[in-house]
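Heads up, the thing below is written out as structure tokens.
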Amino acid sequence: MISIRQLDFAYGSRPVLHGIDFEVASGELVSVLGMNGSGKSTLLRCINGLLQPSQGKVEINGRTTDSLSRQELARTIGYLPQNSQPVDCTVFEAVLIGRKPHLGWQVNDTDLAEISRILSLTGLSDYTDRSTLQLSGGELQRVAIARTLAQQPSVLLLDEPVNHLDIRSQIDVMDLIRTLTLQLGIATIAVMHDLNMALRFSDRFVLMKEGKLLAAGGQEVMTAETIREVYQLHVVRHELNGIPLVTPCPEREPMRDPTTANT
Amino acid sequence: MSAEAAVAESYGYRRRIRSRMLVVLALLILVFVVALLSLQIGSYPLSIPQIFQGIGRSSADPLINHLLWNIRLPRAAAALLAGAGLALSGNIMQILLRNPLAAPSTLGVSQGAAFGAACAIILLGSGQTFSTGNEAVLLTSRSISAACAFGGAAFSIAVILLIASFRQLTSEALILSGVAMAAFFSACTMLLQYFASDLQVAATLFWTFGDLGKAGWQENGLLALLLLLTAGFVLYKGWCFNSLQWGEEVARTLGVNTPRLRLIGLLLTCLLTAVTTAFLGIIAFIGLMAPHLIRPLIGSDQRFLLPASALCGALLLLLADILSRTILAPVVIPVGIITSFAGAPLFLFLLLRRRVQ
């Protein structure tokens, strides 16, 4: 479980985050939503220690991240940044680098067995000897997720994990993230831009506006009103075959449910 | 071995590690063979038994003992150490700055050293006129010009390190800073030369020719010490260098203290290149070329690429030295000219091959 407590952060004199406070339980996938510049990526960087918050703290299973050594933190939090660039190595080696916080100079059988398990979990067993330069965007993102899993983290931070992917790859990758979150009991926080992907795959939502937390909770916080407040956009919230959806609509038209528009 | 590890074995990881070790071993043998060849070749050719006798100072001919211990061995050692040091430095700079064009010459180190030497020769008068009939040659005092060259190189590096640590510049910006420093030092050198006498200009120019004959045992000893220190550091930090290839943020979240790694790594490499350039003059392209030449054989695992680059650099400089002594024998061409001549087309070839691939 991860608890973010009253987190503040500023770039110089410009405040970016103010009083962010929420929790994510193990096995839970939480989407962080908000407009560009609302502080979502900064929040992830504050959680994993890439940036130092000016106030507040982050607790993981009862221990503050400040009290963890660099190596302990690396064994606790896995982080997937935006735009993973491939390196000229095989998929196996790309995933193996995630074991760095656990490795000695030489790779032992336990490390190799762990990588094999992760490759199998992420559906990459057939790709092991392939160069990462030959992979598609979706496959590369899968490798990046496998790399973070190799850290054996209890918290996973994903910064726009399905950005620039085609719709099929987006669904595959999100499906994988949700399955792994549940299966491995990881607390996952994902910065998302696609509201429908977030609605479909997340357990809970954190809505941010101008560095502040506007709302946090389950499907009940994802109302047309809160979404309009966050994105300054009129939307309709509806369901199609049991899948929750959000559809933007022009501001001046009356807001109608598009699935019943023709009836 | 567990069943899962056996599966991992079948993925070929261990096979790749073995093949990388073999490449490193093959390079080691090749360096040894070429070093022997380098000791053999010269105006007074030596056989292999003569070389070993000479090294053991047990040769009946005192000339052989003298030739080996005072001329050929220090020269071969300088080629080996300088080649390995420059290549290792180039490779480390390329990873730390995440730029394949990073090398001592592209970061302004060489130009800084040349300016330092020019200061020593022109301003401090670290030279004397030596007359041979109708020709006059200016011989420089090696210790002063080497110290000044080191100062110039270190200054250039210090500026780049300061920019890197205080302004948190991108790797591209650091390379551009290097280019700016190189242009600045070249301009300073030209300005000094403009006001200098013909002999001083000739001496400055002569200094810039990378020449392995300038190094004695003391110089080689210092080079070896710095090389060992740098090699020990990079081998110990092999996984950190591997992590850094995936970007600054990934490396930090994998537990790497990237600012400290960058600072110590750059400091060591800069010390190594500055000392090499100060002792031997400018030897271009080895630092840039060697990592690119060996990467297709080794891959990007820095635990093997770094030592392989060093060995490849040693091999290249030994070969260049042999060429420099034989191509226009008995005239010995400065080895820096050979590395630049061979390096430029070879680098272009590598770039074009990569483009085609």
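Numbered from 1 within each chain, the chains take letters A, B, ... in sequence-line order. Just so it is clear, the model here is predicted, and its values are computed rather than measured.
- If you measure heavy-atom distances from A:Ser131 to chain B, you find no contacts under 4.5 Å at all.
- In the displayed structure, A:Gln82 atom CD is contacted under 6.0 Å by more than 12 heavy atoms of other residues, nucleotides or ligands.
- Per-residue heavy-atom pair counts under 4.5 Å with chain B were compared for A:Asp88, A:Leu50, A:Thr148, A:Asn48, and the maximum is reached by A:Leu50.
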Step by step, work out the side chain to side chain contact (heavy atoms under 4.5 Å, CB included) result for A:Ser116 and B:Tyr13.
-> CA-CA 11 Å; A:Ser116 303; B:Tyr13 177 73; over 6 Å; no
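- Proximity to chain B (any heavy atom under 4.5 Å) is restricted, for A:Arg147, to the side chain, taken from C-beta onward.
- Of the two parts of A:Asp111, neither the backbone nor the side chain holds a non-hydrogen atom closer than 4.5 Å to a non-hydrogen atom of chain B.
- Just one residue in the list A:Arg75, A:Gln151, A:Arg70 forms a side chain to side chain contact (heavy atoms under 4.5 Å, CB included) with B:Leu254, and that residue is A:Gln151.
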* Begin with the C-alpha distance, continue with both residues' side-chain angles, and end with the deciding distance and a verdict on side chain to side chain contact (heavy atoms under 4.5 Å, CB included) for B:Val256 and A:Lys100. => CA-CA 9 Å; B:Val256 181; A:Lys100 200 230 152 242; 3.9 Å; yes
Quick one, A:Ile77 with B:Thr253, criterion side chain to side chain contact (heavy atoms under 4.5 Å, CB included). Give me CA distance, side-chain angles, the key distance, then yes/no.
CA-CA 8 Å; A:Ile77 301 178; B:Thr253 53; over 6 Å; no
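- Applying the 6.0 Å contact sphere to OH of A:Tyr11 captures more than 12 heavy atoms from other residues, nucleotides or ligands.
- The parts of A:Ala94 that come within reach of chain B are both its backbone and its side chain, each placing non-hydrogen atoms under 4.5 angstrom from that chain.
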If you apply the rule side chain to side chain contact (heavy atoms under 4.5 Å, CB included), what do you find for B:Arg16 with A:Asp129, and how did you get there? CA-CA 10 Å; B:Arg16 274 193 299 279; A:Asp129 277 338; 2.8 Å; yes
